[in-house]
Amino acid sequence: MSINEKLVKIFYIDGLIVYTRTYMRLDITFYLLVSTLISILTILYISFTLPLAFTYRPKSSQASIKRSEITVLIPVYKEDVDVFKEVIDSVKKQDLKFIVVGDGCDEPYKSIVRTKGGLFIKLDKNMGKRRAIREGFKYVKTPYVLLLDSDTILPDDSVDLLSSKLIGDIVAVSPEISVLSGKNIIAYHVSEMMQRLREISYRALGRFGSIVSLNGQCILVRTDVIRPLIESEEFNSVKLWRFSTILGDDRQITNYIYSNGYKATVTKDVVVKTKAPDTISGLLKQMVRWYRSNNFFLIKEISDGTIFKKGFFYMFTVLYWYALPLLTLLSYSLYTEIILSHVAKHWDFIVRAIITNPTKFIENVIVYRIDNLFDIDPTPIFHKFSHFLPHHFNPGGIMLIYGNKLSTEMVLFHYFYVFHTFVGEVSTIVSIVMIVSILLYTRRIRGFALGLLAFPLMFFADIFALMTIWRQKKWSGRS
């Protein structure tokens with residue numbers, strides 16, 4: 001090595017020492033820890049979920065359940081009449097007995113149901129979906145019941161396909177959900193993206209015989225298994241310490257099935273259609289309602305031990321889902337604090353930079369990112385690994401790099417920064433792979449970009465749901 005080359009390296013290491021000493025701060029260290037944890041969890045989640053989902057082949061058998069052994073139970077409240085007619089027609093077409101419970105409503109639903117040969121039961125006032133299901137269950141006399149939303153249309157012969165999945169200890173099954181376009185194209189594509197993300201995760205979980213929740217729009221289940229739950233006071237309003245909710249009936253039914261030693265599944269062999277919200281505000285309200293319910297039941301699953309009955313992969317998946325928004329919020333908050341503290345410390349320099357060359361300053365902030373202002377080591381990642389090759393430990397815990405003395409903590413800190421950068425790059429790559437996989441899986445290029453809005457909307461909806469989860473002892477349902 002020439003003298004000039006050695007001088008350059010010594011100059012670099014001297015600068016590195018100054019950088020490292022300056023940025024071994026608690027807030028930066030904590031930021032690196034949180035963001036590294038997010039990257040590692042994302043890598044693990046995607047690396048396992050995608051292969052498991054795309055290689056999953058669920059078992060089925062010849063349908064041994066007769067259609068006469070199934071009763072369809074439909075709660076209805078202020079449903080679009082034309083949609084409701086289609087739902088009833090789809091049920092009648094498969095020659096199924098059906099019961100409709102008017103949740104504080106009567107006509108025209110009553111006339112439609114009786115014309116088609118069904119039983120209509122009216123509740124005097126709107127009491128919510130749970131109460132409607134409970135009332136209708138009193139009239140179910142068959143071994144199996146199909147819980148169906150009033151806007152969910154059954155495909156032809158779907159009941160036979162669903163029945164074929166009820167084998168062994170699997171006592172409940174739901175179809176996949178396909179979203180119909182409403183009045184707002186953005187709400188439709190976001191809803192569709194959310195369904196596809198859920199479908200991929202559920203298929204991966206299905207490899208281990210577990211799911212997060214049956215799809216509440218359509219559930220075929222053994223009547224005797226869930227009747228004790230439906231007839232209990234707990235079904236009217238789920239309790240968690242001093243809090244309660246009337247949301248998440250599908251999640252509660254699912255957890256009850258697993259807590260009693262049975263299993264449930266979601267099959268892609270049957271796809272039912274449900275309508276997307278007509279407005280962005282309607283979509284956000286729907287998402288907040290879902291997340292409030294999901295967060296509530298996650299805490300309840302942990303407290304009553306149900307989470308452990310669904311297996312390790314299920315536990316990892318749901319904890320990743322619900323911890324990710326919180327970790328991301330914490331990471332962004334720390335990052336913002338670091339940026340602002342740096343700006344406050346170097347305010348004079350930043351002002352001079354803006355005055356001297358505002359165009360160049362904007363370019364640095366937007367193109368090169370503002371974190372280059374305080375980056376510990378802004379060199380490309382493939383250079384980072386070479387900086388620490390010519391070093392060794394001394395007995396006193398001191399590292400030598402080209403004759404420079406560094407404490408062990410300083411070098412380990414820089415190594416950790418290198419690791420943080422590396423897993424961040426890998427996390428970005430696997431996330432892109434997941435998005436491309438969803439695109440290839442759905443084969444719907446049109447509207448895919450709009451569907452990507454689901455990610456920020458899910459983040460903000462989940463955070464808002466978490467921030468408001470304890471403000472209400474009861475939450476309103478769809479009504």
Side-chain angles (χ1 to χ4, degrees), residues 19-20 22-49 193-194 197 201 284 287-288 291-292 294-295 298-299 302 315-346 350 364-381 384 409 412-435 452-470:
Y19 268 124
T20 308
T22 303
Y23 293 107
M24 284 178 63
R25 289 176 7 204
L26 181 61
D27 55 350
I28 292 180
T29 303
F30 197 31
Y31 165 74
L32 294 177
L33 284 169
V34 173
S35 56
T36 300
L37 178 61
I38 292 173
S39 297
I40 292 173
L41 292 176
T42 300
I43 292 168
L44 290 173
Y45 172 74
I46 296 176
S47 298
F48 281 99
T49 297
M193 175 63 76
M194 290 171 61
L197 290 169
S201 295
L284 288 172
M287 293 169 70
V288 169
Y291 280 121
R292 278 181 176 163
N294 289 337
N295 292 325
L298 173 63
I299 298 170
I302 295 172
M315 184 166 57
F316 169 75
T317 298
V318 295
L319 290 177
Y320 170 77
W321 283 357
Y322 300 128
L324 183 62
L326 288 176
L327 290 173
T328 303
L329 179 63
L330 178 59
S331 176
Y332 285 161
S333 300
L334 289 167
Y335 185 81
T336 302
E337 183 274 330
I338 294 169
I339 291 281
L340 293 177
S341 64
H342 182 81
V343 169
K345 183 177 180 180
H346 301 285
I350 293 173
N364 285 333
V365 171
I366 296 177
V367 179
Y368 299 109
R369 297 196 314 168
I370 197 168
D371 62 352
N372 280 345
L373 294 172
F374 67 91
D375 201 346
I376 297 171
D377 183 5
T379 56
I381 188 170
K384 295 179 187 293
E409 290 81 5
L412 290 179
F413 177 81
H414 196 85
Y415 267 131
F416 177 65
Y417 178 79
V418 172
F419 177 71
H420 155 79
T421 305
F422 174 72
V423 295
E425 299 288 344
V426 175
S427 175
T428 301
I429 292 171
V430 297
S431 297
I432 293 172
V433 170
M434 183 189 72
I435 291 172
L452 294 177
L453 290 172
F455 293 97
L457 289 177
M458 286 190 296
F459 170 76
F460 288 115
D462 197 5
I463 293 298
F464 181 78
L466 282 168
M467 297 305 177
T468 58
I469 190 171
W470 305 118

- A454: what forms a side chain to side chain contact (heavy atoms under 4.5 Å, CB included) with it, not counting sequence neighbours? V190, M193, M194, M458
- Query: Who passes side-chain hydrogen bond (donor to acceptor under 3.5 Å, both in side chains) against Y45, sequence neighbours left out?
  - Reply: S201, W321
- Message: Run the side-chain hydrogen bond (donor to acceptor under 3.5 Å, both in side chains) test against S39 and tell me which residues pass, sequence neighbours left out.
- Response: none
- Would you give the length of the straight line joining atom CD1 of I43 to atom OG1 of T428, rounded to the nearest 0.5 angstrom? 9.0 Å
- Item | F459: side chain to side chain contact (heavy atoms under 4.5 Å, CB included) partners, not counting sequence neighbours | P325, T328, L329, I463
- Query: When rounded to the nearest 0.5 angstrom, what is the spacing between CG in L327 and OH in Y320?
  - Reply: 9.5 Å
- Message: Give me the atom names and distance for the closest heavy-atom approach of S35 to L32.
- Response: OG-O, 3.3 Å
- Are L197 and F455 close enough that some pair of their side-chain heavy atoms sits under 4.5 Å apart? yes
- Query: CG/L330 to CG/L33 distance, rounded to the nearest 0.5 angstrom?
  - Reply: 10.5 Å
- For S331, all residues meeting side-chain hydrogen bond (donor to acceptor under 3.5 Å, both in side chains), sequence neighbours excluded: none
- Do T49 side-chain atoms and I46 backbone N/O form a donor-acceptor pair below 3.5 Å? no
- Return the set of residues passing side chain to side chain contact (heavy atoms under 4.5 Å, CB included) with T36 (not counting sequence neighbours), or none when no residue passes. I40, F416, F419, H420, V423
